[in-house]
Engineer: 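Got a structure for you, questions after.
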Amino acid sequence: MKTIITIVGQDTVGVLAKASGICAKHNANIIDVTQTVMGDYFSMVMMADISKLTCDFSQLSEEMQQGISEMGLVAHVMHEDIFNAMHRI
Amino acid sequence: MLNINDILETVQMIQDECLDIRTITMGISLLDCADSDIDKSCQKVYDKIARRAEHLVATGIDIERKYGIPIINKRVAVTPIALLAGVSGGDPVKYAHALQKAANTIGVNFIGGYSALVQKGFSAGDLELIRSIPRAMSETELLCSSVNVGSTKAGINMDAVAMMGKVVKEAAELTADRQSIGCAKIVTLCNAPEDNPFMAGAFHGVSEPDCIINVGVSGPGVVRAALARAGKDLKINEIADIVKKTAFKITRMGQLVGAEASQRLGVDFGIIDLSLAPTPAVGDSVAHILEEMGLERCGGPGTTACLALLNDAVKKGGVMASGRVGGLSGAFIPVSEDAGMMDAARAGALTIEKLEAMTAVCSVGLDMIMLPGDTTAETISGIIADEAAIGMVNSKTTAVRVIPAVGYKVGDELNFGGLLGGGPVMPVNTFAPDVMIHRGGYIPAPMQSLKN
C-alpha cells in the first residue's frame, strides 16, 4: 500500500527533512522523491510505502499537514489509488 | 508508474479548484417499518435509520482522510413517508420529528424522503402528507421534502400542482422569521428519479433494495479551470472534448469513493450521480463555466446552447468512468447556490424565463430562486405546471424549488448561508394563471411518437 505526499508552497530550509522525519517516525518507507523549485515556488512529490505503518494512516496524514503548515507550506497525503483511478483507464 | 504532472493536477483540482465529493447518500427502505400504530411506526423508522446509518458519517470522514478528498455531505434518503402515513394514519408530522431525531443521532447533514408520489393521483396518506409539509418543514431543520406531480407516462396531476403552490406559500409564511427558509427544503418534481442522492429531491424509491449507497460528485470549478487554460481559440466541439475528459476524471474519483464506502459499510453500491453541482464559493460556479465558453454573462443569448453542450458532455465523460449511473446526472443551475448565477441575476442578464428555457437542457429545473413575498400561490403553481410540462414532454426530470420570501421585494437580498447561499429576489411575471390552476384535473400524458 502506497501513499503520495505532495508539498507545495514557498521554498524554505528543511522541508524535505521535516517530511522524511515524520515518515521515519511512523515507519513509512520512502520509495521515491521528486522535487522542483521554480523561482521561490517549491513543489515536492514523495511516494511512501505505508504497509508497515506503526500508526493510523489518518495520524500520519494529520501530523504531516500540521508539521508542514507550520513551515508555511501545504501538504496533501493521499492514497495512491485516487491517482490511479483518475488518470488510468 | 504515476506521472508527477497527473499527481500535481489532482492536487491542484482539490486545493485550488474546489473539487469534492458533494455527497454520500445512504438510501434506506422503510417499507418494513410500517405499522398501523403511528407511534410504533415512528419508533421503527428511528431504529432502522439509526442502525443502518450508524457508521455512515465516520466512514465518510475516514475515506476523506485516506484519499485527501473532501466529502462535503453525508446524507440519508428514505422511502416516501406518504406510504407509511397511508398505513398508520395519524399526523404525518410525527414522522418528520422521528426523521429529524434520527438525523441528529447519526450526525448527517440532511435527511430526505418526506415525500409523496402523486403523478397519477392520490392514495391513502398522500393528501395528509402534502398538507403537513409546511408544518413539518418549519418544525425540523435537516428534513427535506419532495412531491412528484407529473411524469411522461402519467401526465401532470394538476390538483397536486395547485396544492403545491399553497404548500410553498404556507411554508414561506411559517418560516417568515428565517427568510422563509422552509421553502428551500421543498421541491416539486416531474419524472423524479428514485435514486437521487441530492437534496431536496432525494428519496429512496420503492423499487430500490433495502439499503444502498449513492454518490453525487461535483466539480464546476475544475471544468471552468480546464476551459480557462484551453484559451479562447478552440472550436466549440473541442470545448466539449475538454469537458468530457474532465468529467471522466471527476467521476472516476466518485466511483472510487463510492465503492470504498459501500465495501466498508457492507451496503451495495447503487449509482453515481454525474453532476456539476455548484456552491456559493468563488470558483465553483456553473454560470462561470458558461461564461468561460464565451458568454459575456450567463443568461444572455447563447446560454441555452452552451448549457446543452455542457450537460451532454458531462454525461458522456462520466458514463464511461462509472459502473452504474443514475440520479439527476447533469449540470445544476440553482441561483442562490451559484456565485455566477447570483451576479447574472443582479445584473439583469438572467431572468426566470431564461432559466425556464435552460431547464429544458439541464439536469433539473428552476432551483433556489428567490421570489417577491407577494407572489401568489397560483403564480407558483403556474410556474410548477410550466416546469412539469417541460419535463413531461422531454422525458426528463424537472423540478421547482422557489422561495417567495415573506416581506422581501424585487432587488432585496437574502442570505441563507452555507451551501444554500443567497442572492437577489428576482422579478416574476405577475399576469395571473388563477382560472387555469383552479380547474384542477390532469394534463394527459403526451404522445411518444410524431416527435417534432
Side-chain angles (χ1 to χ4, degrees), chain A residues 1-10 15-16 19 22 26 28 30-38 41-51 53 55-69 72-89, chain B residues 1-17 19-21 58-71 215 217-219 222-223 226 244-261 263-264 269 272 317-323:
Chain A
M1 215 164 55
K2 299 189 192 84
T3 189
I4 309 285
I5 300 159
T6 318
I7 298 173
V8 286
Q10 198 84 7
V15 184
L16 187 55
I22 294 169
H26 298 299
I30 298 167
I31 302 166
D32 199 355
V33 183
T34 312
Q35 72 167 59
T36 52
V37 181
M38 291 170 74
Y41 199 70
F42 173 88
S43 85
M44 188 208 74
V45 179
M46 184 184 266
M47 182 189 268
D49 184 343
I50 49 165
S51 45
L53 210 59
C55 68
D56 253 17
F57 180 76
S58 58
Q59 194 190 332
L60 172 77
S61 169
E62 267 164 37
E63 241 177 82
M64 187 69 73
Q65 286 170 22
Q66 174 85 31
I68 296 298
S69 78
L73 291 91
V74 181
H76 293 267
V77 184
M78 299 157 78
H79 196 282
E80 66 164 342
D81 283 354
I82 190 165
F83 302 102
N84 289 326
M86 283 179 85
H87 301 286
R88 297 273 174 282
I89 296 180
Chain B
M1 187 57 200
L2 288 163
N3 176 323
I4 186 163
N5 291 328
D6 291 343
I7 292 172
L8 290 174
E9 183 190 1
T10 301
V11 170
Q12 189 182 11
M13 283 179 181
I14 294 167
Q15 190 178 304
D16 303 329
E17 296 164 6
L19 177 63
D20 56 53
I21 301 284
T59 305
I61 293 170
D62 243 24
I63 296 173
E64 243 177 316
R65 289 208 184 111
K66 178 174 176 185
Y67 295 114
I69 175 88
I71 301 172
V215 170
V217 295
S218 184
V222 179
V223 175
K244 270 197 291 190
K245 285 175 189 159
T246 312
F248 175 84
K249 288 177 186 173
I250 296 170
T251 311
R252 288 277 283 190
M253 187 193 66
Q255 175 78 20
L256 176 76
V257 167
E260 173 123 8
Q263 187 240 326
R264 285 190 189 206
F269 185 15
I272 292 207
V319 161
M320 186 176 157
S322 56

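Lettering follows sequence order; numbering is per chain, from 1.
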Engineer: Is it the backbone or the side chain of B/Ile61 that comes under 4.5 Å from a heavy atom of chain A, or both, or neither?
Structural biologist: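 Nothing of B/Ile61, per the 4.5 Å heavy-atom cut-off to chain A.
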Engineer: Name the member of A/Ser61, A/Ser58, A/Ser43, A/Ala85 that forms the most heavy-atom pairs with chain B at distances under 4.5 Å.
Structural biologist: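 Most heavy-atom pairs within the cutoff with chain B belong to A/Ala85.
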Engineer: Evaluate side chain to side chain contact (heavy atoms under 4.5 Å, CB included) for A/Val8 paired with B/Gln12, printing each intermediate quantity in order.
Structural biologist: CA-CA 10 Å; A/Val8 286; B/Gln12 189 182 11; over 6 Å; no
Engineer: Can A/Met86 and B/Leu256 be said to form a side chain to side chain contact (heavy atoms under 4.5 Å, CB included), step by step?
Structural biologist: CA-CA 9 Å; A/Met86 283 179 85; B/Leu256 176 76; over 6 Å; no
Engineer: Can you tell me how far the CD1 atom of A/Ile82 sits from the NZ atom of B/Lys66, to the nearest 0.5 Å?
Structural biologist: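 A/Ile82 CD1 to B/Lys66 NZ: 10.5 Å, rounded to 0.5 Å.
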Engineer: Let's go through B/Ile14 and A/Met78 carefully: what are the C-alpha distance in whole Å and the side-chain angles of both, what is the deciding distance for side chain to side chain contact (heavy atoms under 4.5 Å, CB included) to 0.1 Å, and is it a yes or a no?
Structural biologist: CA-CA 11 Å; B/Ile14 294 167; A/Met78 299 157 78; 3.4 Å; yes
Engineer: Using only atom types and a distance under 3.5 Å, with no angle test, would you say the side chain of B/Arg65 pairs donor to acceptor with the backbone of A/Gln59?
Structural biologist: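 Judged by distance alone, no pair lies under 3.5 Å.
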Engineer: Can you name the residues that form a side-chain hydrogen bond (donor to acceptor under 3.5 Å, both in side chains) with B/Gln15, not counting sequence neighbours?
Structural biologist: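 A/His76.
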Engineer: I need the residue from B/Ile7, B/Thr251, B/Val11, B/Ile4 with the largest number of non-hydrogen atom pairs under 4.5 Å to chain A.
Structural biologist: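 Looking at each option in turn, the highest pair count goes to B/Ile7.
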Engineer: First locate atom CG of B/Asn3, then atom OG1 of A/Thr34, and finally report the distance between them rounded to the nearest 0.5 Å.
Structural biologist: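 B/Asn3 atom CG to A/Thr34 atom OG1 measures 10.0 Å (nearest 0.5 Å).
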Engineer: Give, for atom OG1 of B/Thr10 and atom CZ of A/Phe83, the distance between the pair rounded to the nearest 0.5 Å.
Structural biologist: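 If we round to the nearest 0.5 Å, B/Thr10:OG1 and A/Phe83:CZ are 5.5 Å apart.
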Engineer: Given heavy-atom pairs under 4.5 angstrom as the criterion, report whether the side chain, backbone, both or neither of B/Glu260 touches chain A.
Structural biologist: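 It is neither, since no heavy atom gets under 4.5 Å.
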Engineer: Heavy-atom cut-off 4.5 Å, strictly under: side chain, backbone, both or neither for A/Gln65 against chain B?
Structural biologist: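 Contact with chain B is absent: no heavy atom of A/Gln65 under 4.5 Å.
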Engineer: Can you tell me which portion of A/Asn84 sits under 4.5 Å from chain B's heavy atoms? Options are side chain, backbone, both or neither.
Structural biologist: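 Both parts, heavy atoms under 4.5 Å.
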Engineer: What part of A/Ile89 lies closer than 4.5 angstrom to a heavy atom of chain B: side chain, backbone, both or neither?
Structural biologist: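 It is both, since atoms from each part get that close.
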Engineer: Which atoms of A/Thr3 are under 4.5 Å from chain B, going by heavy atoms: the side chain, the backbone, both sets, or neither?
Structural biologist: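 A/Thr3 has no heavy atom closer than 4.5 Å to chain B.
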